[in-house]
There are 2 protein chains.
Amino acid sequence: MPRAGLTPEALVAAAADLADEIGFDHLTLAVLAKRFGVRDASLYTHIRGLADLHERVALLALDEWADALGAAVAGRSGRAALSAFADAYRAFATEHPGRYAATRFPVSPERLAASAGAARIIELCYALLRGYELSESAATDAVRLLRSTFHGFSDLEATGGFTAGRSLDASWRRAVDALHHTLTDWSTI
Amino acid sequence: MPRAGLTPEALVAAAADLADEIGFDHLTLAVLAKRFGVRDASLYTHIRGLADLHERVALLALDEWADALGAAVAGRSGRAALSAFADAYRAFATEHPGRYAATRFPVSPERLAASAGAARIIELCYALLRGYELSESAATDAVRLLRSTFHGFSDLEATGGFTAGRSLDASWRRAVDALHHTLTDWSTI
DNA sequence: GGTTGTTTCCTAATATGCCTAGGAATCGGG
DNA sequence: CCCGATTCCTAGGCATATTAGGAAACAACC
């Protein structure tokens, strides 16, 4: 019987797709192995175990997400950049729910530092604020506010937390407008 | 050997405490049974299974949370009510991480409707906005914004998403101030 | 092309967790 | 005291994660 030709990269990519299909916490070694026509024990040649796979998927998702966010804000500034960033943020969460859930998985500090994704996203947030002229400590507060709003909305939307009949798109746009307004008036609040 | 005297209520209360200690997704029937000095199979007389336990803990947490939020806003209005609500929201999330995680567990619609907790929390959010004079659709957008910001901040804080050195309390206060400002200027944004 | 060493994948086995079936002990009402 | 109902138990099945060790495929070298 020929070999399946597994690699850590192929496993992680397939696991990320699988997570988007069935949910990050339903991601199991058995179903991942089945996707490659292989026994689950065979995966241990390429990954250390389930926890390792989870971390690798998280890092992959953070990288892909950073790419998407970076592309969205490229060539834009101020309100246009904020809006594009926000939409790319929410789009990633809704189109890749498994990957998005993975980004909240607690990755070990060493691996997180070794990978660029997470830091790039934070950096993009700070870059977003250049159009609003904030002090350093204000910028940290503002980045936390942006991330809280974006993450909270995306997470509540993904987990069915919003039940009112009104359009989620409309509420989202309103939230982004409100953030722009807040950032504009930051020093006078 | 005398009986352990289990009841669904005792099990759910202990499960909620356990979730706060070890995390909602590490909550297991084996460790819950051990806490009562009982075999895991014995729990099935009182609960239907793990999924049922998860739902019951979620409903308990929603009720307790609604109580805390209701007490915080009682007798206050406007900015003071918003601030008290926000602090009670975050305090619940940080002091009861397992219960807080449980509130995001997808409970079946029937049970959710049968219990008052979730609806009371949403209702409190709307009540919070009476001081700001918003139209009906605006109120829905505003409630979604409030919940997004509160949930996003609490969740990122709980999962270690904030790493900058600045005080989280200070950033939180700033976020609440920003929301007050947004609500005040809502119609002009 | 054959040989040899390495890597990949397999089978086998253990541990833990959820869950069901059926039996024994305990409790409470007569 | 006894009888019915309930509670808790043992035993077992199934799924998953994980380790150990063996066989087959691959690759490099003669």
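Reminder, nothing fancy here: chain letters follow the sequence lines and each chain counts from 1.
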Query raised in the report: Is the shortest side-chain N to carboxylate O distance from A:R104 to A:D155 below 4.0 Å?
Result: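 Yes.
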
Query raised in the report: Does a salt bridge link A:D52 with A:R56, judged by any charged N lying under 4.0 Å from a carboxylate O?
Result: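 The answer is yes: the pair qualifies as a salt bridge.
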
Requested in this report: Scan B:A4 against the nucleic acid and name what it touches under 4.0 Å (heavy atoms): base, sugar-phosphate only, or nothing.
Outcome: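 Sugar-phosphate only.
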
Requested in this report: Please work out if A:T28 contacts a base, only the sugar-phosphate, or nothing of the nucleic acid, heavy-atom cut-off 4.0 Å.
Outcome: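 Sugar-phosphate: the residue A:T28, judged by heavy atoms under 4.0 Å, touches backbone atoms but no base.
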
Nucleotide nearest [X] when distance is taken to its side chain, options [options]:
X	options	answer
A:A41	C:dC18, D:dA20, C:dT8	D:dA20
B:R3	D:dA25, D:dC8, D:dA17	D:dC8
B:R39	D:dC9, D:dT19, D:dC8	D:dC9
A:L50	C:dC18, C:dT8, D:dT18	D:dT18
A:S42	C:dC18, C:dC10, D:dC9	C:dC10

Query - Pair A:T140-A:R144, side chain to side chain contact (heavy atoms under 4.5 Å, CB included): steps then yes or no - result: CA-CA 6 Å; A:T140 295; A:R144 286 174 173 171; 3.9 Å; yes

Tell me the interatomic distance from [X], atom [atom1], to [N], atom [atom2], rounded to whole angstroms.
X	N	atom1	atom2	value
A:L6	C:dT7	CG	P	16 Å
A:H54	D:dT18	NE2	C1'	15 Å
A:D40	D:dT19	CG	P	12 Å
A:H26	D:dA17	NE2	C1'	17 Å
B:L11	D:dT7	CG	C1'	12 Å
A:I47	C:dT8	CD1	C1'	15 Å
B:L29	D:dT16	CG	C1'	16 Å
A:L53	D:dT16	CG	C1'	14 Å

Query - Check: B:F24 ring centre within less than 6.0 Å of B:H54 ring centre - result: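 Ring centres of B:H54 and B:F24 closer than 6.0 Å.
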
Query - A:Y89/A:H151 aromatic ring centres below 6.0 Å - result: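 No - the distance between ring centres of A:Y89 and A:H151 does not fall below the 6.0 Å cut-off.
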
Report task. Look at the side-chain N and O atoms of B:T45 and state whether any lies under 4.0 Å from the OP1 or OP2 oxygen of D:dT7. Result ->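 No, B:T45 has no side-chain N/O under 4.0 Å of OP1/OP2 on D:dT7.
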
Query raised in the report: Can you find a side chain N or O atom of A:H46 that sits less than 4.0 Å from OP1 or OP2 on C:dT7?
Result: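 For A:H46, the contact criterion (side-chain N or O under 4.0 Å from OP1 or OP2 of C:dT7) is not met.
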
